[in-house]
Every structure is written in structure tokens, then in C-alpha cells.
Amino acid sequence: MLRRASRVVSASPVPEPEVSPGLHRARELLLAAVSQEGTARLAHICLDAWDGGDTVAAGMTLGALLRAVPGMGPITAHEILGHLHAGEATRVGDLDRAQRVALPAALARARRPRTTVGE
């Protein structure tokens, strides 16, 4: 008689630390702003995080902010992260100088409508 060993697979390999309700709400507000205003608001959030003035923005994952951009799906967000050599869990404040410089170009390339099949 053969017995199968069952594997338990965790949904997220690293559990998110407990987040206060205030911090959770602040993150929700930033995501809502990006979903309403798009890449322009995303740019402002990133600049605020990089200037050191917004610790909430600096602690947010770039993947979450990218997926909040209207019309941007998870595949496009993943492609942008790949272009930046960043992971899904990379925090905005942790992007290095080269990634920060490459982000606008990656966004522009992803958001540009394709006009021909070969493009």
C-alpha cells in the first residue's frame, strides 16, 4: 500500500509583519491615489519616498503600486519589475539609483500603445 505525503504550501513565503491600522490606511490611500491619477501620482509618490519625506511611500512595494496604475495588469507590472531587476517585494525606498533612473522609461515603454503587429 502506497501512501502519499501531503505537502502544505504557504501562500506567502515571508509573512508580512503586523501593520498598524493607521499605516494600513495610509497605504490604502496611496494605492487609491495611484488608481485614480495613474503614473503621474506614482511618480510623485516615488519622489516623496526617495527624498526621505514619506516613510509610508518608501515602505510600500513597487509591485503593489504598479498594479494600482489604471490599465496595468500583473503581467505588465511583472515585466517592469523584471526590467528594473527588482522583485515583487522590493520596496520603493530600496530602489538603487540605476533603478530609479530606469523606472520612468520602463513605465513609458509599458504604457505606449502598440500600433503594429511587429512592434
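Here the structure is a predicted model, which means the values were calculated and not measured.
- Minimum heavy-atom separation, A64 to L31: O-CD2, 3.6 Å.
- L29 and L62 fall into different hydrophobic clusters, where Ile, Leu, Val, Met, Phe, Trp and Tyr residues are linked whenever their side-chain heavy atoms come under 4.5 Å apart, directly or through other members.
- Of all the heavy atoms in L84 and A102, the pair that sits closest is CD2-CB, 3.6 Å.
- For the pair Q99 (side chain) and D96 (backbone), a donor-acceptor distance under 3.5 Å is present.
- W50 pairs in a side-chain contact (heavy atoms from CB on, under 4.5 Å) with only one of the listed residues (D54, D48, L47), which is L47.
- Residues T90 and G87 share a closest heavy-atom pair of OG1-N, 2.8 Å.
- Closest approach of S35 to P70, counting heavy atoms only: O-CG, 3.1 Å.
- Between the side chain of S20 and the backbone N or O of L23 there is at least one donor-acceptor pair closer than 3.5 Å.
- For the salt bridge (charged side-chain N to carboxylate O under 4.0 Å, His left out) test, no residue two or more places apart in sequence or in another chain qualifies with R100.
- The salt bridge (charged side-chain N to carboxylate O under 4.0 Å, His left out) test applied to R41 returns no partner, not counting sequence neighbours.
- Counting only heavy atoms from C-beta outward, the side chains of M60 and L30 approach each other to under 4.5 Å.
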Might you work through the side-chain contact (heavy atoms from CB on, under 4.5 Å) test for T61 and L66, ending with a clear yes or no? CA-CA 9 Å; T61 63; L66 288 172; over 6 Å; no

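- How far OG1 of T76 is from CZ of R109: 12.5 Å, rounded to the nearest 0.5 Å.
- Looking at R27 and H24, their side chains never come closer than 4.5 Å, going by heavy atoms from C-beta outward.
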Kindly determine whether V92 and I45 satisfy side-chain contact (heavy atoms from CB on, under 4.5 Å), including the steps that lead there. CA-CA 9 Å; V92 173; I45 289 170; 5.8 Å; no

Kindly indicate, with the supporting measurements, whether the criterion side-chain contact (heavy atoms from CB on, under 4.5 Å) is fulfilled by L103 and I80. CA-CA 8 Å; L103 180 59; I80 290 171; 4.3 Å; yes

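- A donor-acceptor contact closer than 3.5 angstrom is absent between the side chains of H83 and E79.
- When all heavy atoms are compared, the tightest approach of V56 to A26 is CG1-CB, 3.8 Å.
- Take E88 and apply the side chain to side chain donor-acceptor pair (under 3.5 Å) test, not counting sequence neighbours, and it matches R67.
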